[in-house]
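In the text below, chain A, chain B and the rest are named by the order of the sequence lines, each starting its count at 1.
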There are 2 protein chains.
Amino acid sequence: MGAGGSLREVSRRAVQSRIARTAEALFVAKGFEETTVDEIAAAVGMSQRSFFRYFASKDEVVLDSVERLGEELSARLEARPCGESVWDSLRRAFDPVVERLADPAVRERDRVLHEIVSASPRLLAAYLGRLDLLQRSLSELLVERAGRSGDEPDAVVVRAIVGGAFACLQAASLHCGTDPEVFGPCLDRTMEALRPVAA
Amino acid sequence: MGAGGSLREVSRRAVQSRIARTAEALFVAKGFEETTVDEIAAAVGMSQRSFFRYFASKDEVVLDSVERLGEELSARLEARPCGESVWDSLRRAFDPVVERLADPAVRERDRVLHEIVSASPRLLAAYLGRLDLLQRSLSELLVERAGRSGDEPDAVVVRAIVGGAFACLQAASLHCGTDPEVFGPCLDRTMEALRPVAA
DNA sequence: CAATGATTGACAGTCACTGACACTTTCCGG
DNA sequence: CCGGAAAGTGTCAGTGACTGTCAATCATTG
């Protein structure tokens, strides 16, 4: 089935990565809105048209890594045991977000990305849109899981709980830095404060 | 100080309202992305340039009402007593959102707006961006309030709690309709489930 | 009536993004 | 080694959101 010719996919990813790094440097230097796609394409050494063959939009260059983190997060959540509470499963699914920060290189890149995103209202909105999409799919997953284990799940409450967990994640990443020694406890503190009474 | 020449402001609002109603009709009929600003301007009977004198962007036409609701919500929260818990203050601040739905005309408009927003990923993202902005300002307000009443407020936790409350609101407005008899209890149910242990 | 300031339309320009087409490079069986 | 399909690329033209500018109009006020 058409998903993933491995050899070519690798080189595609390599080109995407090259574009992303180049673009991020420009975004940091001049700002996101102030950098045109033409400039990025020229800096990479390709036509504007080709840029859009690797990224569907200018936003995508920055949000692509969020997408990938979302997939991992989704996979982690799916791997959690059915008996575990929704809240704890979510907290564990967030582990990679914290663990990533152990690598200084990753930490630096996250910092840069965060700076770019939070400096542009439009990008920030697009970012939140992605998170919302992710929350929807995680909610569905959890509702289905609850149904499997015999519970009668309340879809609205599950959705609210997932939203609450992401609110904790968002608050932590906003107020605490990218230092894992600070971020982790910070996330735990917020998630303890908001822990649902039952679920 | 420069805020609000009353006479002219009124007529400006009237024009904005006329544009908004016209545009919303077109959005429902053809979809948001498929409706061009030229079409809206022509339908209202003005130049495209003038359209942009009343709304900074096409998004703004739809999100303007969200903005106004946000201001009311902010004012309500500020009016709550300092002694009240953060969570209860937020729940009470949400009251106008529920009460608005008592008026069938308002309910219908909310339904239309909701339909338009949720049908366009870009608009939805912009909407979430506004909510995020609102959450920031409410968080600041609550942190300051907690400081006034002698508590030592934890800004991160407050931010997470505000985010959690909005997650409840969002979940309710997503899963329950615009019927106030359904929406209200739905909101209460989610907010009871997520009520923070202390705060 | 004349001066003034706000509102507007017309026009031109930028930038994100898309579709079409021609060209080249790569790959593969014969 | 060759011929042709497949994939990648550049060029060009076009759409649509948005902005700056300027001249004309309109209402207000002295």
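- Interface residues of residues 14-42 of chain A facing DNA chain D, ordered by number: none; criterion, heavy-atom separation under 4.0 Å.
- In terms of modelled atom types and a separation under 3.5 Å, the side chain of B:Glu39 and the main chain of B:Thr36 share a donor-acceptor contact.
- Every residue two or more places apart in sequence or in another chain that forms a side-chain contact (heavy atoms from CB on, under 4.5 Å) with B:Phe32 is listed here: B:Phe27, B:Lys58, B:Asp59, B:Val62, B:Ile116, B:Ser120, B:Arg122, B:Leu123.
- Regarding A:Phe55, its CZ atom lies at a distance of 18 Å from the C1' atom of C:dT18, rounded to whole Å.
- Taking side-chain N and O atoms only, A:Tyr54 has a distance below 4.0 Å to OP1 or OP2 of D:dT9.
- A:Ser89 and A:Arg76 are not linked by any side-chain donor-acceptor pair at a separation below 3.5 angstrom, with hydrogens and angles left out of the test.
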N/O to N/O distances under 3.5 Å, protein versus nucleotides 19-21 of chain D:
| from | atom 1 | to | atom 2 | distance (Å) |
| --- | --- | --- | --- | --- |
| D:dG20 | N7 | B:Arg49 | NE | 3.3 |
| D:dG20 | N7 | B:Arg49 | NH2 | 3.0 |
| D:dG20 | O6 | B:Arg49 | NE | 2.7 |

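- The shortest distance between side-chain heavy atoms of A:Tyr54 and A:Met46 falls below 4.5 Å.
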Please tabulate, for side-chain N and O atoms in residues 172-186 of chain A, each donor-acceptor pair with protein atoms closer than 3.5 Å (sequence neighbours left out).
| from | atom 1 | to | atom 2 | distance (Å) |
| --- | --- | --- | --- | --- |
| A:Ser173 | OG | A:Gln170 | O | 3.4 |
| A:Asp179 | OD1 | A:Glu181 | N | 2.9 |

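- Applying the side-chain contact (heavy atoms from CB on, under 4.5 Å) criterion to B:Ser118, with sequence neighbours excluded, gives B:His114.
- Comparing A:Arg122 and B:Met46 by the nucleotide of DNA chain C whose heavy atom lies nearest to each, the residue mapping closer to the 5' end is B:Met46.
- The shortest distance between the side-chain N/O atoms of B:Ser47 and the OP1/OP2 oxygens of C:dT8 is not below 4.0 Å.
- Nearest-nucleotide positions on DNA chain C for B:Gly45 and A:Asp59 put B:Gly45 closer to the 5' end.
- Side-chain N/O atoms of A:Thr190 and B:Arg159 include no donor and acceptor closer than 3.5 Å.
- Straight-line distance from the CZ atom of A:Arg12 to the P atom of D:dA7: 12 Å, rounded to whole Å.
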Distance-only donor-acceptor pairs under 3.5 Å for side chains of residues 93-103 of chain A, two or more places apart:
| from | atom 1 | to | atom 2 | distance (Å) |
| --- | --- | --- | --- | --- |
| A:Asp95 | OD1 | A:Arg91 | NH1 | 3.1 |
| A:Asp95 | OD1 | A:Arg92 | NH2 | 3.4 |
| A:Asp95 | OD2 | A:Arg92 | NE | 2.7 |
| A:Arg100 | NH2 | A:Asp110 | OD1 | 2.5 |
| A:Arg100 | NH2 | A:Asp110 | OD2 | 3.2 |
| A:Asp103 | OD1 | A:Ala105 | N | 2.9 |

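- For the pair B:Phe51 CZ and C:dT7 P, the computed distance is 18 Å after rounding to whole Å.
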